[in-house]
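As structure tokens, the structure follows; a few thoughts come after it.
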Amino acid sequence: MAHFYIQYGKQWDGREALRVTGKTPYESAAVIIEDYELPCTSTELMSQVSPMFADRWCNIKALPGANRLIKHFTAHKVPMALASNSSRENIETKISFHPGWKNSFSVIIGSDEVTTAKPSPEIFLEAAKRLNLEPSRCLVIEDSVPGVAAGKAAGMKVVAVPSLPKTTNLYSSADEVINSLLDFQPEKWGLPPFEDWVENTLPIHPMYIGGPVVKGYGRGSKVLGIPTANLSTEGYSDVLLEHPSGVYFGWAGLSTRGIFKMVASIGWNPFFDNAEKTIEPWLLHEFHEDFYGEDLRLVLVGYIRPEANFPNLESLIAKIHEDGRIAERALDLPLYSKYRDDQYLKQHDA
């Protein structure tokens, strides 16, 4: 995609991300042409970039929690529709790379099958019609502002999962805004609850992150009384992008000190309003000196809760300690304790 901009003497900087989210391909093309002052039409732009995107669809990963949600609803025979501002052909091509998805949806509708796309309610009303359900009995899960507007205009309940960070305020018309699909609670909407939470934790596919301990914001021990071992995110930006912000836990290996239980915050830390997405692990052990520069390996094995803001420092500190207690107990369970022997924790750089 960067090569495409270069040929017009432009450099992509992501400025249009919020404006194109949830729009049809041609609407998105018009936004890009306007923002970058490109000398072409929407049709010409689409003809050039569509093949680029098509070649990359096979590499697009599902949103965290999407597979879990689809499998859960399929197992409980909850009828589902997929209604997107993409074309029907593009939708089916994209989901073909995710085994079982196509057969899980009773209805699939693209914007090329209705007169007006989101934020018009037409596509959701058509989905309800094909499902043979009243709109008021439908729940929409949306990641875009136009989609939320369309769902509400259709008379449906809407749960928003913002696709871009720090944009929650734009989704105020939704009935609920959640950080990620990991935080979705079906029982709130009269749907079968998940049954995979264990001792207030959700098992996840292990996440591996490592590197030298670096100086952080200086607030861990000084402000919070909780010394965190900050890691450089260099080389792990993709890993952090793929995982929702929130509180995780697992095991930490220090090259000269051993292996310890750990709880970690991934995200922007709303209370301090970080400028970048970071990972801040807290090793649940009392150390008597700093270990800056020492190699630290993390294996994150479970999820506790979404990132949240707090009214004051005291409530933040209390919540962090509660997270620590949850992690301490959970890591004694065989489900999680087995990862203490993961070889990654012991493979430190020489």
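Between the D175 side chain and the V159 main chain, no donor and acceptor come within less than 3.5 Å of each other. At distances below 3.5 Å, at least one donor-acceptor pair connects side-chain atoms of S111 with backbone N or O atoms of N85. With D332 contributing its side chain and S337 its backbone, the two residues share no donor-acceptor pair below 3.5 Å. Using a distance-only test at 3.5 Å, with no hydrogens or angles considered, no donor-acceptor pair links the side chain of N179 to the main chain of G246. Not a single donor-acceptor pair under 3.5 Å links the side chain of R340 to the backbone N or O of W251. Proximity of a side-chain donor or acceptor of E113 to a complementary backbone N or O of G110 within less than 3.5 Å is detected. Of the possible polar contacts, none joining the K129 side chain to the F124 backbone as a donor-acceptor pair under 3.5 Å is found. Side chain of Y344 to main chain of G210: a donor-acceptor pair is present (N/O by atom type, distance under 3.5 Å, no hydrogens or angles). When atom types are taken as modelled, the side chain of K118 and the backbone of A150 share no donor-acceptor pair closer than 3.5 angstrom.
Between H98 and W101, the two ring planes are parallel [angle under 30°; tilted spans 30° to 60°]. Between F194 and H72, the ring-plane angle classifies as tilted under the 30° and 60° cut-offs. Between F287 and F260, the two ring planes are perpendicular [angle over 60°; tilted spans 30° to 60°].
Side-chain polar atoms of S96 and K102 form no donor-acceptor pair below 3.5 angstrom. Between Y171 and D143, the side chains place no donor N or O within less than 3.5 Å of an acceptor N or O (distance only, hydrogens not considered). For the residue pair S265/E280, the side-chain donor-acceptor check at 3.5 Å is not satisfied. A donor and an acceptor atom, one from each side chain of S144 and E142, are located under 3.5 Å apart. Counted by atom type alone, N312 and S315 present one or more donor-acceptor pairs between their side chains at under 3.5 Å. No side-chain donor from either of W282 and D323 sits under 3.5 Å from a side-chain acceptor of the other. Side-chain contact check for T256 and E294: at least one donor-acceptor pair (N or O, by modelled atom type) lies under 3.5 Å.
If you take OG1 on T74 and CG on N103, they are separated by 9.5 Å, rounding to the nearest 0.5 Å.
In this structure, R325 does not pair ionically with E328, as no charged nitrogen and carboxylate oxygen lie closer than 4.0 Å. Between E176 and K188 there is a salt bridge, with a side-chain nitrogen of the basic residue lying less than 4.0 Å from a carboxylate oxygen of the acidic one.
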Stepwise, does the side-chain contact (heavy atoms from CB on, under 4.5 Å) test hold for N200 with I304? CA-CA 7 Å; N200 296 312; I304 296 177; over 6 Å; no
Please test L284 against F249 for side-chain contact (heavy atoms from CB on, under 4.5 Å), starting from the C-alpha separation and ending with a verdict. CA-CA 10 Å; L284 302 176; F249 66 96; over 6 Å; no
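Each of L139, L191, L69 was compared with V78 under the side-chain contact (heavy atoms from CB on, under 4.5 Å) criterion, and only L191 meets it.
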